[in-house]
Amino acid sequence: MKNNQGSKNIKVKSWLQFILTVAVVIIIASLSSLVRIRLDLTEDRRYTLSDPTVKILNDLRNDIYIQVYLDGEMPIPLKRLRRSVQEMLDEFRIASGRRVDYEFINPAAVKDVKQREAQFQILSDKGLSPVYAQAPDDEGGLSTKMIFPGMIINYNGIEIPVNFLKNNQAISYEQNILH
Amino acid sequence: MFAIFRKEISDFFSSFTGYIVIVVFLLFNSLFMWVFPGEWNILESGYAGLDTLFFLSPWVFLFLVPAVTMKTFAEEKRLGTIELIFTRPVTEREIIWGKYFASVILVLLALLPCLIYYFSVFNLGETPGNLDRGGTWGAFIGLFFLAAIYASAGIFASSLTDNQVVAFIVAVLLSFVLYSGFDSFAYLPGLKKLDEFVINLGINEHYKSISRGVLDIRDIAYFLAVIVIFNEATRLVLLSRKWKKKH
(Lines give C-alpha, C1' and ligand atoms only; values in the text may rest on other atoms or scores of the structure.)
Protein backbone atom coordinates (compact mmCIF):
# COMPACT_ATOMS: atom_id res chain seq x y z
CA MET A 1 0.00 0.00 0.00
CA LYS A 2 2.70 2.42 1.03
CA ASN A 3 4.76 1.44 -1.97
CA ASN A 4 1.86 2.15 -4.28
CA GLN A 5 1.45 5.59 -2.82
CA GLY A 6 5.16 6.25 -3.22
CA SER A 7 5.08 5.40 -6.90
CA LYS A 8 2.05 7.63 -7.35
CA ASN A 9 3.97 10.49 -5.79
CA ILE A 10 6.79 9.93 -8.22
CA LYS A 11 4.30 9.98 -11.07
CA VAL A 12 2.82 13.28 -9.99
CA LYS A 13 6.26 14.69 -9.37
CA SER A 14 7.66 13.75 -12.77
CA TRP A 15 4.59 15.07 -14.59
CA LEU A 16 4.86 18.32 -12.66
CA GLN A 17 8.54 18.62 -13.51
CA PHE A 18 7.79 17.95 -17.15
CA ILE A 19 4.98 20.51 -17.37
CA LEU A 20 7.03 23.10 -15.49
CA THR A 21 10.07 22.72 -17.73
CA VAL A 22 7.97 22.84 -20.88
CA ALA A 23 6.16 25.92 -19.63
CA VAL A 24 9.43 27.66 -18.78
CA VAL A 25 10.89 26.78 -22.18
CA ILE A 26 7.83 28.06 -24.02
CA ILE A 27 7.80 31.27 -22.00
CA ILE A 28 11.48 31.89 -22.67
CA ALA A 29 10.99 31.16 -26.36
CA SER A 30 8.08 33.54 -26.68
CA LEU A 31 9.87 36.21 -24.66
CA SER A 32 12.72 36.01 -27.13
CA SER A 33 10.39 37.39 -29.80
CA LEU A 34 10.25 40.62 -27.86
CA VAL A 35 13.95 41.27 -28.11
CA ARG A 36 15.13 41.75 -31.62
CA ILE A 37 18.57 40.25 -31.87
CA ARG A 38 19.51 39.19 -35.34
CA LEU A 39 22.74 38.51 -37.13
CA ASP A 40 22.64 39.41 -40.81
CA LEU A 41 24.95 37.07 -42.70
CA THR A 42 24.20 38.43 -46.16
CA GLU A 43 26.98 40.40 -47.77
CA ASP A 44 24.83 43.31 -48.83
CA ARG A 45 23.14 43.38 -45.41
CA ARG A 46 19.83 43.02 -47.15
CA TYR A 47 17.92 42.69 -43.93
CA THR A 48 19.58 45.40 -41.91
CA LEU A 49 18.86 49.11 -42.06
CA SER A 50 21.67 50.91 -43.83
CA ASP A 51 23.50 53.83 -42.24
CA PRO A 52 21.96 56.45 -44.57
CA THR A 53 18.49 55.16 -43.73
CA VAL A 54 19.23 55.39 -40.03
CA LYS A 55 20.60 58.89 -40.53
CA ILE A 56 17.50 60.05 -42.42
CA LEU A 57 15.27 58.59 -39.77
CA ASN A 58 17.33 60.28 -37.08
CA ASP A 59 17.08 63.67 -38.72
CA LEU A 60 13.31 63.65 -39.03
CA ARG A 61 11.81 66.80 -37.61
CA ASN A 62 8.14 66.08 -38.04
CA ASP A 63 6.19 62.93 -37.47
CA ILE A 64 5.59 60.51 -40.28
CA TYR A 65 2.30 58.72 -40.42
CA ILE A 66 2.04 55.63 -42.57
CA GLN A 67 -1.17 53.91 -43.55
CA VAL A 68 -0.68 50.38 -44.83
CA TYR A 69 -3.62 48.96 -46.71
CA LEU A 70 -2.67 45.37 -46.19
CA ASP A 71 -4.86 43.80 -43.59
CA GLY A 72 -7.74 41.40 -43.21
CA GLU A 73 -8.25 37.97 -44.70
CA MET A 74 -5.73 37.22 -47.41
CA PRO A 75 -3.54 34.42 -48.74
CA ILE A 76 -0.61 33.42 -46.58
CA PRO A 77 2.16 34.87 -48.79
CA LEU A 78 0.51 38.27 -48.43
CA LYS A 79 0.24 37.77 -44.70
CA ARG A 80 3.94 37.07 -44.69
CA LEU A 81 4.50 40.25 -46.65
CA ARG A 82 2.36 42.09 -44.12
CA ARG A 83 4.51 40.77 -41.30
CA SER A 84 7.79 41.73 -42.94
CA VAL A 85 6.40 45.19 -43.66
CA GLN A 86 5.39 45.48 -40.05
CA GLU A 87 8.81 44.36 -38.85
CA MET A 88 10.49 46.87 -41.10
CA LEU A 89 8.22 49.68 -39.94
CA ASP A 90 8.91 48.68 -36.35
CA GLU A 91 12.60 49.04 -37.01
CA PHE A 92 12.02 52.41 -38.65
CA ARG A 93 10.06 53.41 -35.61
CA ILE A 94 12.84 52.47 -33.22
CA ALA A 95 15.54 54.09 -35.36
CA SER A 96 13.58 57.31 -35.66
CA GLY A 97 12.90 57.64 -31.97
CA ARG A 98 9.16 57.05 -32.36
CA ARG A 99 8.75 59.70 -35.03
CA VAL A 100 7.34 57.09 -37.37
CA ASP A 101 3.90 55.81 -36.65
CA TYR A 102 1.92 53.38 -38.70
CA GLU A 103 -1.45 51.77 -38.93
CA PHE A 104 -2.72 48.74 -40.79
CA ILE A 105 -6.06 49.29 -42.48
CA ASN A 106 -8.27 46.73 -44.10
CA PRO A 107 -9.84 48.57 -47.03
CA ALA A 108 -12.38 45.79 -47.51
CA ALA A 109 -13.65 45.98 -43.94
CA VAL A 110 -16.71 48.02 -44.93
CA LYS A 111 -19.60 45.68 -45.50
CA ASP A 112 -21.54 48.03 -47.77
CA VAL A 113 -20.57 47.28 -51.35
CA LYS A 114 -20.91 50.84 -52.60
CA GLN A 115 -18.80 52.32 -49.83
CA ARG A 116 -16.21 49.65 -50.40
CA GLU A 117 -16.08 50.40 -54.10
CA ALA A 118 -15.70 54.08 -53.29
CA GLN A 119 -12.88 53.29 -50.88
CA PHE A 120 -11.12 51.21 -53.54
CA GLN A 121 -11.57 54.05 -56.01
CA ILE A 122 -9.98 56.52 -53.60
CA LEU A 123 -7.05 54.21 -53.06
CA SER A 124 -6.36 53.75 -56.75
CA ASP A 125 -6.73 57.49 -57.31
CA LYS A 126 -4.06 58.01 -54.69
CA GLY A 127 -1.75 55.80 -56.68
CA LEU A 128 -1.99 52.36 -55.16
CA SER A 129 -2.44 49.55 -57.63
CA PRO A 130 -4.54 46.58 -56.61
CA VAL A 131 -3.81 42.91 -57.09
CA TYR A 132 -6.38 40.19 -57.37
CA ALA A 133 -5.99 37.19 -55.13
CA GLN A 134 -7.99 34.03 -54.75
CA ALA A 135 -8.96 33.66 -51.16
CA PRO A 136 -11.22 31.14 -49.47
CA ASP A 137 -14.25 32.89 -48.05
CA ASP A 138 -16.51 32.04 -45.14
CA GLU A 139 -18.81 29.85 -47.20
CA GLY A 140 -15.95 27.55 -48.03
CA GLY A 141 -15.72 28.64 -51.64
CA LEU A 142 -13.13 30.67 -53.41
CA SER A 143 -13.64 34.30 -54.09
CA THR A 144 -11.45 36.78 -55.85
CA LYS A 145 -10.46 39.62 -53.64
CA MET A 146 -9.00 42.95 -54.43
CA ILE A 147 -6.02 43.63 -52.24
CA PHE A 148 -3.94 46.77 -52.12
CA PRO A 149 -0.43 45.77 -51.11
CA GLY A 150 0.80 49.28 -50.59
CA MET A 151 1.01 52.13 -48.16
CA ILE A 152 0.52 55.85 -48.09
CA ILE A 153 3.11 57.93 -46.31
CA ASN A 154 1.99 61.22 -44.77
CA TYR A 155 4.78 63.68 -44.07
CA ASN A 156 4.36 67.43 -43.74
CA GLY A 157 0.93 67.15 -45.26
CA ILE A 158 2.23 65.42 -48.38
CA GLU A 159 0.93 61.99 -49.29
CA ILE A 160 3.23 59.59 -51.10
CA PRO A 161 1.90 56.23 -52.30
CA VAL A 162 4.23 53.22 -52.22
CA ASN A 163 3.35 49.94 -53.86
CA PHE A 164 5.00 46.84 -52.44
CA LEU A 165 4.68 44.72 -55.56
CA LYS A 166 6.07 45.89 -58.84
CA ASN A 167 4.40 43.80 -61.50
CA ASN A 168 0.77 43.10 -61.07
CA GLN A 169 -0.11 40.74 -63.91
CA ALA A 170 0.25 37.70 -61.78
CA ILE A 171 0.84 38.11 -58.10
CA SER A 172 4.48 37.51 -57.61
CA TYR A 173 4.47 37.42 -53.86
CA GLU A 174 8.09 36.49 -53.58
CA GLN A 175 9.10 40.07 -54.01
CA ASN A 176 9.85 40.70 -50.41
CA ILE A 177 13.16 42.35 -51.21
CA LEU A 178 11.52 45.48 -52.45
CA HIS A 179 12.66 47.65 -49.64
CA MET B 1 26.99 12.20 -19.70
CA PHE B 2 30.29 12.19 -21.49
CA ALA B 3 30.74 8.44 -20.97
CA ILE B 4 27.36 7.75 -22.58
CA PHE B 5 28.15 10.14 -25.38
CA ARG B 6 31.45 8.33 -26.07
CA LYS B 7 29.82 4.93 -25.91
CA GLU B 8 27.14 5.92 -28.41
CA ILE B 9 29.66 7.42 -30.81
CA SER B 10 31.81 4.32 -30.71
CA ASP B 11 28.66 2.25 -31.25
CA PHE B 12 27.89 4.17 -34.40
CA PHE B 13 31.30 3.59 -35.85
CA SER B 14 31.93 0.06 -34.65
CA SER B 15 28.77 -1.01 -36.40
CA PHE B 16 27.91 0.11 -39.90
CA THR B 17 25.26 2.63 -38.87
CA GLY B 18 27.47 5.68 -38.77
CA TYR B 19 29.20 5.02 -42.07
CA ILE B 20 26.02 4.07 -43.87
CA VAL B 21 24.18 7.18 -42.78
CA ILE B 22 26.99 9.45 -43.92
CA VAL B 23 27.58 7.61 -47.19
CA VAL B 24 23.89 7.41 -48.11
CA PHE B 25 23.35 11.07 -47.35
CA LEU B 26 26.29 12.20 -49.44
CA LEU B 27 25.61 9.75 -52.26
CA PHE B 28 21.99 10.75 -52.55
CA ASN B 29 22.69 14.47 -52.56
CA SER B 30 25.68 14.23 -54.85
CA LEU B 31 23.85 12.17 -57.43
CA PHE B 32 20.93 14.55 -57.59
CA MET B 33 23.09 17.67 -57.53
CA TRP B 34 25.82 16.75 -59.96
CA VAL B 35 25.06 13.57 -61.89
CA PHE B 36 21.39 13.00 -62.64
CA PRO B 37 20.09 15.37 -65.28
CA GLY B 38 16.91 17.16 -64.39
CA GLU B 39 15.62 20.07 -62.42
CA TRP B 40 17.84 19.34 -59.43
CA ASN B 41 21.07 19.34 -61.37
CA ILE B 42 23.22 22.32 -60.43
CA LEU B 43 25.32 22.30 -63.59
CA GLU B 44 22.19 22.36 -65.72
CA SER B 45 20.37 24.94 -63.67
CA GLY B 46 22.85 27.62 -64.60
CA TYR B 47 22.74 29.28 -61.21
CA ALA B 48 25.54 29.23 -58.68
CA GLY B 49 23.45 28.18 -55.74
CA LEU B 50 23.00 25.22 -53.44
CA ASP B 51 19.20 25.32 -53.45
CA THR B 52 19.00 21.65 -54.38
CA LEU B 53 20.95 20.61 -51.32
CA PHE B 54 18.79 22.66 -48.99
CA PHE B 55 15.60 21.45 -50.58
CA LEU B 56 16.50 17.75 -50.67
CA SER B 57 18.32 17.42 -47.36
CA PRO B 58 15.30 17.91 -45.08
CA TRP B 59 13.66 14.98 -46.87
CA VAL B 60 16.75 12.80 -46.79
CA PHE B 61 17.26 13.55 -43.12
CA LEU B 62 13.62 12.67 -42.56
CA PHE B 63 14.58 9.04 -43.11
CA LEU B 64 18.21 9.00 -42.06
CA VAL B 65 17.96 10.70 -38.68
CA PRO B 66 15.25 8.33 -37.40
CA ALA B 67 17.44 5.49 -38.63
CA VAL B 68 20.22 6.80 -36.42
CA THR B 69 18.07 7.37 -33.37
CA MET B 70 15.69 4.42 -33.55
CA LYS B 71 18.25 2.23 -31.80
CA THR B 72 19.04 4.54 -28.91
CA PHE B 73 16.48 3.41 -26.36
CA ALA B 74 14.47 0.74 -28.16
CA GLU B 75 17.44 -1.59 -28.52
CA GLU B 76 18.56 -1.09 -24.94
CA LYS B 77 15.06 -1.81 -23.72
CA ARG B 78 14.82 -4.99 -25.75
CA LEU B 79 18.17 -6.29 -24.55
CA GLY B 80 17.55 -5.11 -21.02
CA THR B 81 20.82 -3.20 -20.91
CA ILE B 82 18.83 -0.07 -20.09
CA GLU B 83 18.48 -1.41 -16.55
CA LEU B 84 22.26 -1.50 -16.27
CA ILE B 85 22.52 2.16 -17.15
CA PHE B 86 19.81 3.05 -14.66
CA THR B 87 21.80 1.43 -11.85
CA ARG B 88 24.68 3.78 -12.61
CA PRO B 89 24.93 7.12 -10.85
CA VAL B 90 23.72 9.10 -13.85
CA THR B 91 20.45 10.96 -14.07
CA GLU B 92 17.90 10.36 -16.82
CA ARG B 93 18.72 13.77 -18.25
CA GLU B 94 22.38 12.86 -18.60
CA ILE B 95 21.52 9.62 -20.38
CA ILE B 96 19.19 11.39 -22.81
CA TRP B 97 21.47 14.30 -23.58
CA GLY B 98 24.45 11.98 -23.95
CA LYS B 99 22.64 9.89 -26.53
CA TYR B 100 21.19 13.01 -28.09
CA PHE B 101 24.52 14.74 -28.66
CA ALA B 102 25.99 11.55 -30.10
CA SER B 103 23.22 11.48 -32.73
CA VAL B 104 23.64 15.17 -33.47
CA ILE B 105 27.40 14.77 -33.91
CA LEU B 106 26.78 11.99 -36.40
CA VAL B 107 24.46 14.26 -38.39
CA LEU B 108 27.06 17.00 -38.25
CA LEU B 109 29.65 14.60 -39.63
CA ALA B 110 27.32 13.88 -42.54
CA LEU B 111 26.81 17.58 -43.11
CA LEU B 112 30.48 18.62 -43.00
CA PRO B 113 31.51 17.06 -46.33
CA CYS B 114 28.79 19.17 -47.95
CA LEU B 115 31.18 22.07 -47.58
CA ILE B 116 32.88 20.56 -50.64
CA TYR B 117 29.72 21.43 -52.59
CA TYR B 118 29.99 24.94 -51.25
CA PHE B 119 33.56 25.41 -52.44
CA SER B 120 32.83 23.73 -55.79
CA VAL B 121 29.90 25.98 -56.57
CA PHE B 122 31.82 28.93 -55.18
CA ASN B 123 34.62 28.40 -57.68
CA LEU B 124 32.58 27.05 -60.59
CA GLY B 125 30.53 30.20 -60.99
CA GLU B 126 31.28 32.21 -64.11
CA THR B 127 32.51 34.87 -61.74
CA PRO B 128 34.13 32.81 -58.98
CA GLY B 129 32.70 33.67 -55.61
CA ASN B 130 29.39 34.73 -57.08
CA LEU B 131 27.33 32.89 -54.51
CA ASP B 132 24.91 34.09 -51.91
CA ARG B 133 27.31 33.43 -49.06
CA GLY B 134 25.10 34.65 -46.26
CA GLY B 135 22.11 32.69 -47.47
CA THR B 136 24.17 29.54 -47.91
CA TRP B 137 25.75 29.66 -44.47
CA GLY B 138 22.38 30.46 -42.98
CA ALA B 139 20.87 27.47 -44.74
CA PHE B 140 23.65 25.21 -43.46
CA ILE B 141 22.94 26.36 -39.92
CA GLY B 142 19.22 25.92 -40.49
CA LEU B 143 19.76 22.44 -41.83
CA PHE B 144 21.78 21.53 -38.78
CA PHE B 145 19.06 22.76 -36.42
CA LEU B 146 16.45 20.93 -38.45
CA ALA B 147 18.34 17.66 -38.14
CA ALA B 148 18.83 18.39 -34.44
CA ILE B 149 15.05 18.56 -34.00
CA TYR B 150 14.61 15.34 -35.97
CA ALA B 151 17.11 13.71 -33.63
CA SER B 152 15.26 14.76 -30.48
CA ALA B 153 11.96 13.58 -31.97
CA GLY B 154 13.62 10.32 -32.98
CA ILE B 155 15.01 9.68 -29.51
CA PHE B 156 11.60 10.38 -28.03
CA ALA B 157 10.01 7.88 -30.43
CA SER B 158 12.69 5.35 -29.54
CA SER B 159 11.98 5.68 -25.84
CA LEU B 160 8.33 4.80 -26.36
CA THR B 161 8.87 1.27 -27.56
CA ASP B 162 11.27 -1.64 -27.53
CA ASN B 163 10.73 -2.29 -31.22
CA GLN B 164 13.14 -0.49 -33.51
CA VAL B 165 10.85 -0.61 -36.54
CA VAL B 166 8.04 0.99 -34.59
CA ALA B 167 10.48 3.60 -33.28
CA PHE B 168 11.60 4.37 -36.82
CA ILE B 169 8.10 4.78 -38.20
CA VAL B 170 6.90 6.90 -35.30
CA ALA B 171 10.00 9.07 -35.63
CA VAL B 172 9.48 9.61 -39.36
CA LEU B 173 5.85 10.51 -38.75
CA LEU B 174 6.71 12.95 -35.95
CA SER B 175 9.44 14.61 -37.97
CA PHE B 176 7.24 14.85 -41.03
CA VAL B 177 4.45 16.52 -39.09
CA LEU B 178 6.95 18.93 -37.57
CA TYR B 179 8.61 19.72 -40.87
CA SER B 180 5.73 20.18 -43.24
CA GLY B 181 2.61 19.00 -41.45
CA PHE B 182 1.93 22.29 -39.70
CA ASP B 183 2.06 24.12 -43.01
CA SER B 184 -0.71 21.89 -44.26
CA PHE B 185 -2.74 22.12 -41.03
CA ALA B 186 -2.79 25.87 -41.49
CA TYR B 187 -4.98 25.39 -44.56
CA LEU B 188 -7.68 23.54 -42.65
CA PRO B 189 -10.84 25.62 -42.68
CA GLY B 190 -11.21 25.44 -38.90
CA LEU B 191 -7.77 26.93 -38.34
CA LYS B 192 -8.15 29.82 -40.75
CA LYS B 193 -7.90 32.47 -38.05
CA LEU B 194 -4.80 30.91 -36.52
CA ASP B 195 -2.98 30.00 -39.71
CA GLU B 196 0.03 32.20 -39.08
CA PHE B 197 0.44 30.85 -35.56
CA VAL B 198 0.13 27.25 -36.75
CA ILE B 199 2.69 27.78 -39.49
CA ASN B 200 5.08 29.19 -36.92
CA LEU B 201 4.84 25.94 -34.97
CA GLY B 202 6.37 24.06 -37.89
CA ILE B 203 10.05 23.75 -38.72
CA ASN B 204 9.67 24.86 -42.31
CA GLU B 205 8.87 28.48 -41.56
CA HIS B 206 11.91 28.90 -39.32
CA TYR B 207 14.14 26.91 -41.65
CA LYS B 208 13.20 29.19 -44.53
CA SER B 209 13.71 32.24 -42.38
CA ILE B 210 17.24 31.19 -41.42
CA SER B 211 17.96 30.19 -45.04
CA ARG B 212 17.58 33.84 -46.05
CA GLY B 213 20.81 34.44 -44.18
CA VAL B 214 19.45 36.13 -41.09
CA LEU B 215 20.07 34.46 -37.76
CA ASP B 216 17.09 35.69 -35.82
CA ILE B 217 16.92 34.98 -32.11
CA ARG B 218 13.30 33.91 -32.52
CA ASP B 219 14.13 31.12 -34.94
CA ILE B 220 16.99 29.84 -32.81
CA ALA B 221 14.78 29.99 -29.73
CA TYR B 222 12.19 27.93 -31.57
CA PHE B 223 14.67 25.22 -32.51
CA LEU B 224 16.17 25.00 -29.04
CA ALA B 225 12.74 24.99 -27.40
CA VAL B 226 11.47 22.09 -29.51
CA ILE B 227 14.63 20.10 -28.78
CA VAL B 228 14.37 20.66 -25.03
CA ILE B 229 10.66 19.80 -25.00
CA PHE B 230 11.23 16.51 -26.81
CA ASN B 231 14.10 15.54 -24.55
CA GLU B 232 12.02 16.37 -21.50
CA ALA B 233 9.21 14.23 -22.91
CA THR B 234 11.70 11.41 -23.32
CA ARG B 235 12.69 11.85 -19.69
CA LEU B 236 9.06 11.57 -18.69
CA VAL B 237 8.79 8.30 -20.59
CA LEU B 238 11.92 6.97 -18.91
CA LEU B 239 10.66 7.98 -15.49
CA SER B 240 7.37 6.21 -16.11
CA ARG B 241 9.06 2.88 -15.42
CA LYS B 242 9.12 3.85 -11.76
CA TRP B 243 5.38 4.29 -11.46
CA LYS B 244 4.27 1.38 -13.59
CA LYS B 245 5.58 -1.30 -11.24
CA LYS B 246 2.75 -2.49 -9.07
CA HIS B 247 3.63 -4.42 -5.95
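The shown structure was predicted, so the numbers you read here are calculated from the model rather than taken from an experiment.
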Report task. Under 4.5 Å, heavy atom to heavy atom: which of residues 16-24 of chain A reach chain B? Give them by number, or say none. Result -> A:Gln17, A:Phe18, A:Thr21, A:Val22
Query - Sequence neighbours excluded, every pair satisfying side chain to side chain donor-acceptor pair (under 3.5 Å) that has a member inside residues 114-125 of chain B - result: B:Ser30-B:Tyr117, B:Tyr118-B:Trp137
Requested in this report: With a 4.5 angstrom heavy-atom cut-off, could you sort out which part of B:Leu236 is near chain A: side chain, backbone, both or neither?
Outcome: side chain
**Report entry** B:Asn200 portion near chain A, given a 4.5 angstrom heavy-atom threshold
**Finding:**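 Contact with chain A involves the side chain of B:Asn200 alone.
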Query raised in the report: If you measure from CZ on B:Arg218 to OG on A:Ser30, what distance do you get to the nearest 0.5 Å?
Result: 12.5 Å
Query raised in the report: B:Glu94: what forms a salt bridge (charged side-chain N to carboxylate O under 4.0 Å, His left out) with it, not counting sequence neighbours?
Result: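 Partners of B:Glu94 by the salt bridge (charged side-chain N to carboxylate O under 4.0 Å, His left out) criterion come out as none, since no residue qualifies.
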Neighbour count above 12 (heavy atom, 6.0 Å) for [X] [atom1]:
{"X": "B:Phe55", "atom1": "CZ", "value": "no"}
{"X": "A:Lys13", "atom1": "NZ", "value": "no"}
{"X": "B:Ile116", "atom1": "CD1", "value": "no"}

**Report entry** Steps toward side-chain contact (heavy atoms from CB on, under 4.5 Å) verdict (B:Leu224, A:Ile28)
**Finding:** CA-CA 10 Å; B:Leu224 295 180; A:Ile28 292 176; over 6 Å; no
Query raised in the report: With sequence neighbours left out, what residues match B:Phe2 under ring-ring contact (aromatic ring centres under 6.0 Å, His included)?
Result: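 Only B:Phe5 meet the ring-ring contact (aromatic ring centres under 6.0 Å, His included) criterion with B:Phe2.
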**Report entry** Exercise: identify the closest heavy-atom pair between A:Ser14 and B:Leu239
**Finding:**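 Minimum heavy-atom separation between A:Ser14 and B:Leu239: CB-CD1, 3.3 Å.
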